[in-house]
Amino acid sequence: MKTNKDWQLLYRLGGAAPFITIFFYLCQLMFISWDNYPATIEQWFILFDTNKIRALFYLNSLDMISIGTLGIMYLALYVRLKEDNQSLMSISLFFSYLG
């Protein structure tokens with residue numbers, strides 16, 4: 001059985017993951033102008049031609065990183081709580097990755 005010291009890095013990363021996710025979501029919201037949100041295909045192409053980085057923010061590109069960091073949080077919770085009820089934690093880990 002692993003001790004808590006063996007998993008200390010995972011626990012710290014799992015604790016920092018929600019804050020990193022909030023930071024990414026706030027950065028994404030700062031770069032999006034809701035007044036000029038593209039509604040047609042032509043507007044999307046114009047946006048990608050003029051400013052590729054802003055277009056990626058409009059496409060929620062930071063969500064991939066945010067969801068990955070939340071996966072670290074779920075993994076840390078699983079490792080910590082799996083001794084209490086292993087079958088229930090396996091089901092919840094499955095649903096966290098499914099989400």
Side-chain angles (χ1 to χ4, degrees):
M1 185 164 117
K2 301 279 185 183
T3 62
N4 284 342
K5 192 171 188 173
D6 295 335
W7 295 99
Q8 189 173 12
L9 178 63
L10 181 65
Y11 295 154
R12 287 183 187 208
L13 289 175
F19 299 110
I20 295 169
T21 302
I22 289 170
F23 173 74
F24 283 137
Y25 283 137
L26 290 177
C27 286
Q28 196 167 339
L29 288 174
M30 286 180 4
F31 287 107
I32 292 176
S33 171
W34 296 104
D35 297 335
N36 300 331
Y37 198 82
T40 64
I41 296 172
E42 291 85 15
Q43 291 175 348
W44 278 105
F45 279 118
I46 291 169
L47 181 62
F48 269 103
D49 283 340
T50 57
N51 195 346
K52 290 180 177 38
I53 295 191
R54 189 173 193 156
L56 288 174
F57 278 113
Y58 275 95
L59 286 174
N60 299 330
S61 61
L62 289 179
D63 283 352
M64 293 183 288
I65 299 168
S66 301
I67 291 170
T69 57
L70 286 179
I72 294 170
M73 179 193 69
Y74 288 127
L75 183 63
L77 284 172
Y78 169 75
V79 168
R80 174 64 185 99
L81 298 173
K82 72 179 176 180
E83 285 88 20
D84 293 339
N85 192 344
Q86 192 169 8
S87 63
L88 189 59
M89 287 309 297
S90 298
I91 293 169
S92 65
L93 185 68
F94 168 75
F95 280 118
S96 70
Y97 287 125
L98 186 65

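Note that the structure is predicted; figures quoted are calculated from it, not measured.
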Going by the rule ring pair (Phe, Tyr, Trp, His ring centres under 6.0 Å), which residues pair with F24 if we only count those two or more places apart in sequence or in a different chain?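 Not a single residue meets the ring pair (Phe, Tyr, Trp, His ring centres under 6.0 Å) criterion with F24.
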Single-linkage hydrophobic cluster [X]~[Y], side-chain heavy atoms < 4.5 angstrom:
X: L29; Y: L59; value: yes
X: I67; Y: I22; value: no
X: M30; Y: L26; value: no

Taking all non-hydrogen atoms of both residues, which atom of A55 and which atom of W44 are closest, and how far apart?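 It is O-CZ3, 4.2 Å.
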Chi angles and distances behind the side-chain contact (heavy atoms from CB on, under 4.5 Å) call for L62, F57: CA-CA 7 Å; L62 289 179; F57 278 113; 3.4 Å; yes
Donor-acceptor contacts, no H, no angles, side chain residues 69-82, under 3.5 Å, sequence neighbours left out:
from, atom 1, to, atom 2, distance (Å)
T69, OG1, T21, OG1, 2.9
T69, OG1, I65, O, 3.4
T69, OG1, S66, O, 2.8

Qualifying residues under side-chain hydrogen bond (donor to acceptor under 3.5 Å, both in side chains), relative to [X], sequence neighbours excluded:
X: N85; answer: S87
X: N60; answer: Q28
X: T50; answer: none

Using a 6.0 Å cut-off, check whether atom CD of Q43 has over 12 heavy atoms from anything other than its own residue.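 More than 12 within 6.0 Å, yes.
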Any chance CZ of F19 has more than 12 other-residue heavy atoms, nucleotides or ligands included, within less than 6.0 Å?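 No, the 6.0 Å shell around CZ holds no more than 12 heavy atoms from other groups.
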Partner set under side chain to side chain contact (heavy atoms under 4.5 Å, CB included) for I41, not counting sequence neighbours: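 For I41, the residues satisfying side chain to side chain contact (heavy atoms under 4.5 Å, CB included) (neighbours in sequence not counted) are F45.
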